[in-house]
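The structure appears below as structure tokens.
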Amino acid sequence: MEKTYDPHAIEQRWYQTWEERGYFAPGQSGSDSYCIMIPPPNVTGSLHMGHGFNNTIMDTLIRYHRMKGDKTLWQAGSDHAGIATQMVVERQLEAENKKRHDLGRERFIDRIWEWKQESGGNISRQLRRLGSSLDWQHERFTMDDGLSEAVREVFIRLYEEGLIYRGKRLVNWDPKLHTAVSDLEVLSEEEYGHMWHMRYPLSNGQGHLIVATTRPETMLGDCAVAVNPGDERYRHLIGELLELPLTGRRIPIIADEEHVDPEFGTGCVKITPAHDFNDYAVWQRHRDEITISEQAHGGLINIFTVDAAIRENEATEGSLIPEKYIGMDRYDARKQIVTDLQEQGLLEKIDDHKLMVPRGDRSGVVIEPYLTDQWYVKIAPLAKPAIEAVESGRIRFVPDNWKNTYYEWMRNIQDWCISRQIWWGHRIPAWYDDRGNVYVGRSEADVRAQHNLDQSYPLRQDEDVLDTWFSSALWPFSTLGWPQQTERLQDFYPTSVLVTAFDIIFFWVARMIMMGLKFMDDVPFRDVYIHGLIRDSHGDKMSKSKGNVLDPIDLIDGIGLEDLVEKRTSGMMQPKLAKKIEQQTRKEFPDGIPSFGTDALRFTFAALAATGRDIKFDLGRIEGYRNFCNKLWNATRYVMMNVEGQDCGVQGVKTGHSEPTAKLERSVADRWIMSRLQKTKQAVAEAIEGYRFDHAAQAIYEFTWNEYCDWYLELSKPVLNDDNASLDAKRGTRRTLVRVLENLLRLTHPVMPFITEEIWQRVGPIAGVIDAGQEDVTIMNQPFPTPRRSLIDEAAEEEMAWVMQFILGIRKIKGEMNIAPGKPVPVILANASEHDKALAKRHRHFLDFLARTESIDILTEAEDEPESSIALVGDMKVLIPLAGLIDKEAESKRLEKEIGRMQSDVERIEKKLANSNFVDKAPQAVVDKERDKLTESKSALETLQLQLEKIRKL
RNA sequence: AGGCGCGUAGCUCAGUUGGUUAGAGCGCUACCUUGACAUGGUAGAGGUCGUUGGUUCGACUCCAAUCGCGCCUACCA
């Protein structure tokens, strides 16, 4: 084996082997099934750290359950990401000076499919690099035929039940993309703006009202000014009319208690129902009032084009929209209107004002509430059972508190606008005739057949497509073959767990629950594991514009500084930030990023995956875990050097649990490490079952490094290198070495698949679990280690604690007395019990080797203690005679420190025990424990104090 | 405004139902090229657990208040 671990040499080779051999497909047997649906990544996207984290967790769960023998499926696939993907291809066209309309719908969609072929492989390649054991053979795509059929089926069924309807409503309109977007695709950020206070004169010439607005241009569409009916200032004016400036229109003063807060501003609110959600609600309450209903469009006056410019008047409208502003962009119109108001003396004042500005998450432009025809899902009847599923515990959120977020959203949920005015997506299966009828069906032919419409009868399909999340909501069953009743659907629905970050609870999780309950009559998953977000080392969110993005592949392979700078600064939306990003990057990664390998990255994710907490990704951590890989690698090297070609007592053994065939002698170290291993197995399994990947990683790390490597490997050396040690003892040690390692590899495999496989292939035959040269075996399909109660050996653990304390005591003295660790020292034991003496004798080879003791003599009661430095093992004194050599100062200081510690201990416990309340009320066991401790500490204290006196007298 | 979460060693984080001297990794100090590993070993320094009260025999842990930070939802025209 190489001296250092090199992930590159093995990772891609093993992944390819696994995939070729079909190990990722669910097995045929297995009593329990276990299934995770991958949250489908965007087909045009690329992998970021969040994906890395998310997929590490899923793969760990999947590999764990596969090893446990469950029939295990990790469903692969991606979604078509309507708007995002369309935008990418439109940008490509832009480079050719073309627009999508130049191509036409069909050719444009062909272009997107071409792009999908080209880019779709990208993300799956990256997932493979992460070691994800996805079932690629059944990879699905939301636009493939089967899933499209599922979408149509669901649309039609919901429509037929009256749960899908078409309506003219205010939607969030993206004036750049020319499509409706859902609430969730709108991000509101605080921005600096102004508040314009405008005077609206009373029509009778008796003064004016002042209204304030952040969007003065919308005044062209005002239909009223509302006041609170309880407001003394305006009560008498209710019902009177105002001159709406610049328009020549008159609008009423209306009373609306719900919307108008008399305390805020002037207490007068302009009402623009076609361009504001709240105003629309006010309008709905008042539209029957004649002063409103007799206005154009019943007062619901739209003033914008799809680009959010001021629209033209229609033939019947006269000059509803003042000619002057027609064609102006909304912000130009704003400027002009403000100027014009000012000229007419109708502008009271302009205040600076901070406000929340809604922007499209894709386009970045300000979203307009806009009146359009759209398709909606009536959500309340679907939400109700979805809420109940969580309330009743059929679905469990981990961590639990996320259910509150879920309830909060589900209880305030609005009907879902599912139509999008784009071309890439599932076209709405609705056809119109010229008379305003709508027909919904599987196809045009179906519709004609169903409604007896002749081929010549003109029908045209709805131009719109469905929201991407409509198809994603069906993911848990559409990918398994629904609406066909397939075996996979039988086997794997409901799935076991959904693993995702919180930001997608609303978008996706809730919708899957609703659709799953509706169409499968069961929940789509039992658990929802919500993990944190990956942030940079300063705790900032990673984003392209901040230039602090890390690519998981770069952590795996490493990347040079220049490449990293280039990567972070290219293709930026705001090129002026490039300089700053370059500087930051050069400062933070002066040598670029070294290669850490996939296993180290995965272990880091696991180790940091404390529940519900964001992760600040620190390179120091991943470096530490790369070192851990190297540690495991070198431990293996040591084991191999000592067991290869040697008798390990495993000949003919095929399963993990068979008894040795040859005679063995097991040392306390052997029994101890086996005992520790059992407890570690237990801890790791419990941690994974409880989604505590950090605990699992920690248990593995500690066992491997602090117990197996630091102690057991060291303890094996005096046995294996001692010519006097019996063959049986050597055999026992070799067997333990190799079998503990083999167990450890299986235990670690779910988190670190590559290194464990590589090592296991070498160790397996020696451990007797596979034949040498056996093909087509993999650690992936080996049983996950289960703890064996019979191997838990408290006596051995206690005995080892004695050995360790002995060794540590001597090392400590050597360390503090400046004695070279390698220098053998004579040791004298005083106040040693028979047990101590026996242990000292039995483990002499361990003590000599690990503490470098030269001799160990027992002091009889009659003899005086020589001038020494002292360590305590229980009541036994371990003396290192230092006649003449003793550093009086140093030793006194050392003892004083120890004594200080002991003393405060003793005082604290004495005080506690003197308190009758404690003695009376605390459980007996706690009190006893304190008493024992006191006895122990007191005796140690005494010993140390005597020793100190002795030293001082020298 | 409401909801959720966080505040523990210089840094990144554990700490399970209240009961050891509050732990780990990284970093730091000293020593060690010992034959698995310098991506290493040995020893060590470092914390009044944000603050203040309260409950309790006992609080990092439970309760209340308070300060600071983050996120989400809704917003005042």
Side-chain angles (χ1 to χ4, degrees), chain A residues 1 3-5 183 188 195 211-215 225-226 259-261 263-272 276 278-279 353 355-356 399 401-402 404-405 407-409 412 502-503 505-506 532-533 535 537 539 541 594 596 600 607-608 610 612-621 623-642 686 690 692 694-695 698 701-702 705-706 709-710 713-714 717 721 808 811-816 818-822 852 901-902 904-905 908-909 912 915-923 925-927 929-930 933 937:
Chain A
M1 289 175 77
K3 199 172 167 184
T4 50
Y5 172 60
D183 293 351
S188 288
M195 180 78 90
V211 296
T213 180
T214 54
R215 300 197 305 152
V225 167
H259 183 52
V260 184
D261 174 6
E263 305 293 320
F264 186 86
T266 60
C268 305
V269 186
K270 68 192 265 312
I271 303 299
T272 321
D276 182 284
N278 285 316
D279 292 2
H353 184 69
L355 71 165
M356 297 296 278
N401 53 287
W402 283 109
N404 297 322
T405 307
Y407 290 145
E408 181 62 20
W409 191 67
N412 296 312
F502 69 87
D503 53 356
I505 290 179
F506 306 144
L533 264 33
R535 299 169 174 280
S537 59
K541 221 167 172 170
F596 297 112
L608 293 172
R613 201 179 172 122
D614 283 357
I615 290 181
K616 287 190 203 175
F617 198 88
D618 181 22
L619 278 197
R621 262 334 251 270
E623 190 184 341
Y625 294 126
R626 179 203 56 187
N627 296 353
F628 176 66
C629 290
N630 192 53
K631 191 74 178 176
L632 183 60
W633 182 260
N634 273 289
T636 305
R637 269 186 83 208
Y638 169 79
V639 173
M640 294 297 283
M641 288 166 78
N642 283 286
E686 275 174 16
R692 289 307 303 263
D694 55 334
H695 288 174
Q698 202 184 350
Y701 187 96
E702 281 180 359
W705 203 307
N706 302 340
C709 291
D710 283 354
L713 294 193
E714 294 306 317
K717 290 174 184 174
N721 297 332
L808 289 172
R811 282 183 184 163
K812 211 165 172 175
I813 292 172
K814 284 186 174 177
E816 290 180 31
N818 269 327
I819 300 166
R852 304 285 160 187
R901 257 186 232 158
M902 280 299 169
S904 64
D905 254 25
R908 194 172 38 78
I909 301 170
K912 220 172 180 178
N915 183 345
S916 63
N917 273 326
F918 173 70
V919 180
D920 294 345
K921 293 189 182 174
V926 174
V927 178
K929 208 169 162 189
E930 293 293 318
K933 213 163 51 189
S937 302

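To find a chain, count down the sequence lines: A is the first, B the second, and so on, and within it residues start at 1. These numbers were taken from a predicted model, which means no experiment stands behind them.
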At under 4.0 Å between heavy atoms, what does [X] touch on the DNA or RNA strands: base, sugar-phosphate, or nothing?
| X | answer |
| --- | --- |
| A:Ala635 | base |
| A:Met640 | nothing |
| A:Leu808 | sugar-phosphate |
| A:Arg215 | nothing |
| A:Thr405 | nothing |
| A:Glu686 | nothing |
| A:Lys933 | sugar-phosphate |
| A:Ile271 | nothing |

Can you identify which nucleotide, out of [options], has its nearest atom closest to the [X] side chain?
| X | options | value |
| --- | --- | --- |
| A:Asn917 | B:rA77, B:rA36, B:rC57 | B:rC57 |
| A:Thr4 | B:rC57, B:rU39, B:rC71 | B:rU39 |
| A:Arg626 | B:rA77, B:rC57, B:rU39 | B:rU39 |
| A:Asn630 | B:rU42, B:rA36, B:rU39 | B:rU39 |
| A:Met641 | B:rA36, B:rC37, B:rA14 | B:rA36 |
| A:Lys3 | B:rA36, B:rA43, B:rA38 | B:rA38 |
| A:Val260 | B:rG41, B:rA77, B:rC57 | B:rA77 |
| A:Glu702 | B:rC4, B:rA24, B:rA77 | B:rA24 |
| A:Lys631 | B:rG19, B:rC57, B:rG40 | B:rG40 |
| A:Tyr701 | B:rG70, B:rG25, B:rA36 | B:rG25 |

Exercise. To the nearest 0.5 Å, how far apart are CE in A:Met195 and CZ in A:Arg215?
Worked result: 12.5 Å
Exercise. Does OP1 or OP2 of B:rG15 have a side-chain N or O of A:Arg692 closer than 4.0 Å?
Worked result: yes
Exercise. Counting only side-chain N and O atoms of A:Lys616, is one of them less than 4.0 Å from OP1 or OP2 of B:rU12?
Worked result: yes
Taking atom [atom2] of [N] as reference, at what distance in whole Å does atom [atom1] of [X] sit?
| X | N | atom1 | atom2 | result |
| --- | --- | --- | --- | --- |
| A:Lys814 | B:rC31 | NZ | P | 18 Å |
| A:Arg613 | B:rC4 | CZ | C1' | 14 Å |
| A:Glu408 | B:rC75 | CD | P | 12 Å |

Looking at [N], which nucleotide sits across from it as a Watson-Crick or G-U wobble partner, both distances under 3.5 angstrom, or is there none?
| N | answer |
| --- | --- |
| B:rC26 | B:rG10 |
| B:rC62 | B:rG54 |
| B:rA1 | B:rU73 |

Problem set entry | Row check, A:Tyr625 ring normal vs A:Lys631 NZ/CZ: under 6.0 Å, within 45° | no
Problem set entry | side-chain contact (heavy atoms from CB on, under 4.5 Å) evaluation trace for A:Asp710 with A:Trp705 | CA-CA 6 Å; A:Asp710 283 354; A:Trp705 203 307; 3.6 Å; yes
Exercise. Between the base of B:rU12 and the side chain of A:Arg621, is there any donor-acceptor pair under 3.5 Å?
Worked result: yes
